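Note that the coordinates shown come from a computational prediction; the quantities given were computed from them, not determined experimentally.
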Amino acid sequence: WPTRELWTEERSFIPEIMLATGLLLAFLLSLTVYLNRKTQSREKGLIKEITERKLLESALKYNEKHAQAIVDHMSDGLVIITEKGEITRFNIAAEKLFGYAAEEVVGQNVKLLMPEPDRSKHGEYIRRYLQTGKAGIIGMIREVSGIRKNGEVFPLELNVSEAPQNFHRVFIGTVRDISDRKNVESQLQRLSLAVEQSPTSILITDTGGKIEYANPNFLKTTGYAWAEIAGKTPSILKSGEHTREFYKNLWDTL
């Protein structure tokens, strides 16, 4: 501590010392305020970031639930697989179609749903497409066979599309059981064969009376060629030997 004499001699420096001390205090106060504001700003930014992240997560969860609701209400089965063939999504219609619960097949290879020989060849189909880009079924509707959990093989209508997801590709397959349609087609084919080979003359018209079909025996019996009677009416067979009342009774009966 300076002596009285020195203090007296140096008292002219007191204002400078007080000024320096004031400036130092002002600096420290400003620094404290700045740091407090910086901390508060960081905290606000962190809170904002957390809030925005939570909102984004909520939105994504909402969109996921919304998408899942749409998928589960589809009438067609939906099966989504990765590039490795692993099933990632299996909707309710697919569960009913194949007899598996979603948790039984998610993570499994999709060949589980295929009978032979497609089951053994499916991995090669995917590898070939990824290497060459040449699609065998992507973008097209095809009739294939599926196999249920109980081992029953049944006909399917399959439509496959491709979509990017997280820097990878996924394949989206919609499937429809066409067993009923195939049964009807089979019955019609048998009926058509029976009509074609029938020894009876058969003529089919629309509701307006225009000829739509004549079987071979009809053409043989009447001597007409198909081109001569297509689109005509059965009146071409009128012999002129029947009365008007005969034809009226015939049409009234029909």
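Distance check: Lys111 NZ to Lys121 NZ gives 14.0 Å after rounding to the nearest 0.5 Å. Taking OG1 of Thr205 as the start and NZ of Lys232 as the end, the distance is 15.0 Å to the nearest 0.5 Å. Rounded to the nearest 0.5 Å, atoms NZ (Lys210) and OG1 (Thr233) are 9.5 Å apart. Atom CD of Glu104 sits about 11.0 Å away from atom CD1 of Ile87, to the nearest 0.5 Å. The distance from atom CD of Glu185 to atom CG of Leu188, rounded to the nearest 0.5 Å, is 8.0 Å. Taking CG of Leu78 as the start and CD1 of Ile172 as the end, the distance is 7.0 Å to the nearest 0.5 Å.
Counting only heavy atoms from C-beta outward, the side chains of Phe218 and Ile229 approach each other to under 4.5 Å. With contacts defined as side-chain heavy-atom distances shorter than 4.5 Å, the pair Ile81/His122 qualifies. Here the side chains of Glu143 and Arg181 are in contact, with some heavy-atom distance below 4.5 Å. Taking 4.5 Å as the limit, every side-chain heavy atom of Phe171 sits out of range of all side-chain heavy atoms of Val110.
Residue pairs meeting the ring pair (Phe, Tyr, Trp, His ring centres under 6.0 Å) criterion with at least one partner in residues 192-213, sequence neighbours excluded, are absent.
The hydrophobic cluster containing Tyr125 does not contain Ile80, counting ILVMFWY residues as joined when their side-chain heavy atoms lie under 4.5 angstrom apart, directly or transitively. Put simply, Val160 and Leu112 are part of the same group of oily side chains (I, L, V, M, F, W, Y) that touch within less than 4.5 Å, one to the next. There is no path of hydrophobic side-chain contacts, each under 4.5 Å, that joins Leu203 to Val195. Transitive grouping of hydrophobic side chains (ILVMFWY, heavy atoms separated by less than 4.5 Å) brings Trp226 and Leu237 into a common cluster. Hydrophobic clustering of Ile, Leu, Val, Met, Phe, Trp and Tyr side chains at less than 4.5 Å, counting indirect connections, unites Met114 with Val144.
Closest heavy-atom contact between Pro115 and Ser145: CD-O, 3.3 Å. In terms of heavy-atom proximity, Leu97 sits nearest to Leu156 at CD2-CD2, 3.8 Å. The two residues Ala93 and Ser75 make their nearest non-hydrogen contact at CB-O, 3.7 Å. Of all non-hydrogen atoms in Asn159 and Met140, the two that sit nearest each other are OD1-O, 3.6 Å. Contact detail for Phe90 and Tyr100: the closest heavy-atom pair is CE2-O, 3.7 Å. Looking at every heavy atom in both residues, Ser198 comes nearest to Asn217 through O-CB, 3.6 Å.
Between the side chain of Glu116 and the backbone N or O of Ser120 there is at least one donor-acceptor pair closer than 3.5 Å. Between the side chain of Glu83 and the main chain of Arg169, a donor-acceptor pair closer than 3.5 Å is present. Proximity of a side-chain donor or acceptor of Asn91 to a complementary backbone N or O of Asp76 within less than 3.5 Å is detected.
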Could you give the side-chain donor-acceptor pairs of residues 241-254 under 3.5 Å, partners two or more places apart or in another chain?
residue, atom, partner, partner atom, Å
Thr243, OG1, Phe246, N, 3.3
Lys248, NZ, Asp252, OD2, 2.8
Thr253, OG1, Asn249, O, 2.7

- Using the side-chain contact (heavy atoms from CB on, under 4.5 Å) rule, take Ile236 and Tyr224 through it: C-alpha gap first, then chi angles, then the decisive distance, then the call. CA-CA 10 Å; Ile236 60 172; Tyr224 283 102; 4.3 Å; yes
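The number of heavy atoms from other shown groups lying within 6.0 Å of CD (Gln189) does not exceed 12. Counting heavy atoms of neighbouring residues, nucleotides and ligands inside a 6.0 Å radius, atom CZ of Arg119 exceeds 12 of them.
For the side-chain contact (heavy atoms from CB on, under 4.5 Å) test with Glu157, the passing option among Thr174, Val175, Ile141 is Ile141; the others fail.
Residues satisfying the side chain to side chain donor-acceptor pair (under 3.5 Å) criterion with Ser179, sequence neighbours excluded, are Asp177.
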